[in-house]
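Read the structure below first, then the notes.
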Amino acid sequence: MDATTASGPDQYRAARLAKADKLRAAGIEPFGNRFAPTHSIAAARALCPAQVVEGDQPKGDRVICAGRIGNLRASGAKLVFATLFDRSRAEIFAQQDPAVRDGADAKKARGIQLYLDKAVLGDGWTVVESLDLADWIGVEGRVGRTRRGEPSIFVERVTVLGKALLPPPHQAGADDGVLSPEIRQRQRYLDLMQSDAALHVFITRSRLVSELRSFFTEHGYLEVETPMMQPIPGGASARPFVTRHNALGLDLYLRIAPELYLKRLLVGGLERVFELNRNFRNEGISPRHNPEFTMVEWYEAYADHRVMMDLSEQLFRRLADRVLGRSTLTFGEWTIDLDQPFRRIGYHDALRQFGGIDHADVAAIKAKARELGIPLDAHATHERLVNAVWEAVVEPHLIQPTFITDQPTWLTPLCRTHPDDPSRTLRFELFMARMEVGNAYTELNDPTIQRQRFAEQAVEAAAASDQEVSGIIDEDYCTALDHGLPSCGGQGLGIDRLVMLFTGATTIRDVILFPTMKPGA
RNA sequence: GCGUCCGUAGCUCAGUCGGUAGAGCAGCAGACUUUUAAUCUGUGGGUCCUGGGUUCGAUUCCCAGCGGGCGCACCA
């Protein structure tokens with residue numbers, strides 16, 4: 001179809017293909033090759049002279065930059081202004097005052113203006129005439145300021161690095177960030193292209209992961225990888241995904257946790273291990289849950305859950321310091337202070353403190369459940385009802401970092417119990433901003449007790465018809481324990497929720513590049 | 001899985017008490033040599049999510065399906 005007559009959904013592609021052809025006809029490749037920028041756009045901006053030179057064309061340092069056209073403005077037939085963006089827009093975004101971040105002026109300042117003069121560019125003007133929003137180009141020129149004071153590159157050479165055949169959803173600097181949630185998640189590249197905030201979230205995520213790795217490595221931990229496909233899914237209570245190995249004629253389960261394999265490694269003598277990887281749970285999707293999610297789990301021989309508490313506090317402070325450069329997290333209305341020692345409170349004590357209820361007082365628990373609208377018959381045992389009441393009563397108070405300790409044993413089959421009270425475990429869950437972000441045990445290393453717990457769990461799972469496989473006893477793991485698991489502490493930390501806390505994202509889908517979705521229509 | 005709201009141009013959205021639709025931005029053509037979401041003139045662009053039903057006529061009303069948001073349940 002001819003570019004001037006094309007209409008309908010293909011008009012954009014047709015017009016841009018025609019421009020690509022026009023470039024080829026002039027001997028210019030519209031899908032460029034290797035290019036070597038000398039400066040990021042942030043660096044080029046920093047080189048711009050502070051003062052506007054009155055009545056003279058500014059002549060600053062020579063730079064070569066590459067990026068994407070976010071805005072095009074022709075001022076006459078022989079002069080074009082464009083705004084070029086590269087990945088440093090995320091860095092500039094992070095440095096901007098949150099109060100002004102969303103303004104059009106702030107958005108513009110994350111790129112750099114290009115001054116494209118026909119008289120200067122000569123043959124290169126063919127490229128300028130064919131430019132469209134979203135094209136990738138490289139430019140060479142001198143930095144300076146225009147008469148209006150805008151930092152600019154006075155371009156002498158233009159190279160096309162990647163012609164875009166489809167238009168971006170928006171012009172940069174206009175209507176930023178109003179893409180529908182569906183487009184932002186399904187076509188994440190458009191979200192990243194469009195939104196500096198989104199780009200910043202995923203860069204932050206990467207830096208958090210990187211700092212986590214160096215933290216554990218420096219503490220003498222070894223990074224390992226254990227099976228994602230397991231014959232018996234263990235280490236957590238959740239429904240697994242099932243998959244099929246054809247050659248083995250075997251159903252395998254995508255792991256719900258790496259725990260049982262990591263502890264096998266301690267049996268082998270690795271002593272300190274961590275794994276940062278995906279888990280899969282066949283459960284519902286919510287603003288805090290994605291079917292596949294990333295978790296770091298670590299185990300340390302001779303330690304216990306109290307050692308893990310200290311390590312957690314150190315870890316959070318270090319991540320905040322290295323990644324955010326401060327010791328607080330901002331999440332909605334809340335400012336979470338990581339400098340203060342994290343609060344530590346027992347599971348049953350918390351219920352007393354925040355609800356004024358004793359967990360053993362059956363009548364009081366039932367009364368509270370009724371008051372909160374929790375259906376009594378949905379919870380088979382008194383303990384389960386207590387837990388439902390606990391979540392409703394206590395969790396709203398868990399905004400500042402809090403270790404909840406001494407969970408009841410029935411909740412926690414892989415954990416060692418208190419020496420003086422077998423109904424409570426040596427465990428903690430770490431909460432911040434009402435989210436559970438961490439979970440740690442003093443691990444159970446007595447194979448006899450472990451076998452009993454598995455058996456009890458199997459009975460309970462059989463009773464609850466919706467539990468598919470969590471009742472299977474992992475005898476192979478018990479054999480590993482028979483060979484001797486050193487006393488140890490272990491902890492898991494959800495990476496996605498960690499990123500939420502560090503970026504202020506209120507839904508997990510904003511911190512996962514490609515969250516689980518049904519195939520589009 | 002249940003409830004609820006939504007699906008109209010490339011994007012964000014109006015609208016049609018049932019008579020096949022509009023805006024802004026983007027696009028195309030033209031004017032303009034310091035613009036700032038440039039401006040000005042002209043102009044093209046739609047399976048109104050899909051499939052049934054009711055109707056003379058459905059984008060609109062009804063039913064089902066598909067996709068998304070939010071809440072609940074399950075879970076972390």
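Protein chains get the first letters and strands the later ones, always in sequence-line order, with residue 1 at the start of each.
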Qualifying residues under side chain to side chain donor-acceptor pair (under 3.5 Å), relative to A:E156, sequence neighbours excluded: A:R62

Sorted by chain and residue number, the side chain to side chain donor-acceptor pair (under 3.5 Å) partners of A:T83 (sequence neighbours excluded) come out as A:R73

Heavy atoms from C-beta onward define the side chain here; which of [options] lies closest to that of [X]?
{"X": "A:R147", "options": "B:G69, B:U34, B:U12", "result": "B:U34"}
{"X": "A:P287", "options": "B:U33, B:U12, B:G71", "result": "B:G71"}
{"X": "A:I183", "options": "B:C11, B:U34, B:G71", "result": "B:C11"}

Pull out every protein N or O sitting under 3.5 Å from an N or O of nucleotides 38-40 of chain B, one pair per line with the distance.
residue	atom	partner	partner atom	Å
B:A38	OP1	A:N71	ND2	3.3
B:A38	OP1	A:Q171	NE2	2.7
B:A38	OP2	A:N71	OD1	2.4
B:A38	OP2	A:N71	ND2	2.3
B:A38	OP2	A:R73	NH1	3.3
B:A38	N7	A:A74	O	2.7
B:A38	N6	A:A74	O	2.8

Is the charged tip of A:R188 near the ring of A:F514: under 6.0 Å from the six-membered ring centre and within 45° of its axis? no

Does A:F85 have A:K107 sitting over its ring (NZ/CZ under 6.0 Å from centre, angle to axis within 45°)? yes

With a 6.0 Å cut-off on ring centres, are A:F241 and A:Y253 close enough? no

Quick one: the side chain of A:Y12 and the base of B:G27, do they pair up donor-acceptor inside 3.5 Å? no

Under 3.5 Å, is there an N or O donor on one side and an acceptor on the other linking the side chain of A:Q11 and the base of B:G44? yes

With sequence neighbours excluded, tell me which residues meet salt bridge (charged side-chain N to carboxylate O under 4.0 Å, His left out) with A:E383. none

At a cut-off of 3.5 Å, list every protein nitrogen or oxygen paired with a nitrogen or oxygen from nucleotides 41-43 of chain B, distance to 0.1 Å.
none

Would you mind listing every salt bridge (charged side-chain N to carboxylate O under 4.0 Å, His left out) that reaches into residues 498-520 of chain A, with sequence neighbours excluded? A:R184-A:D510

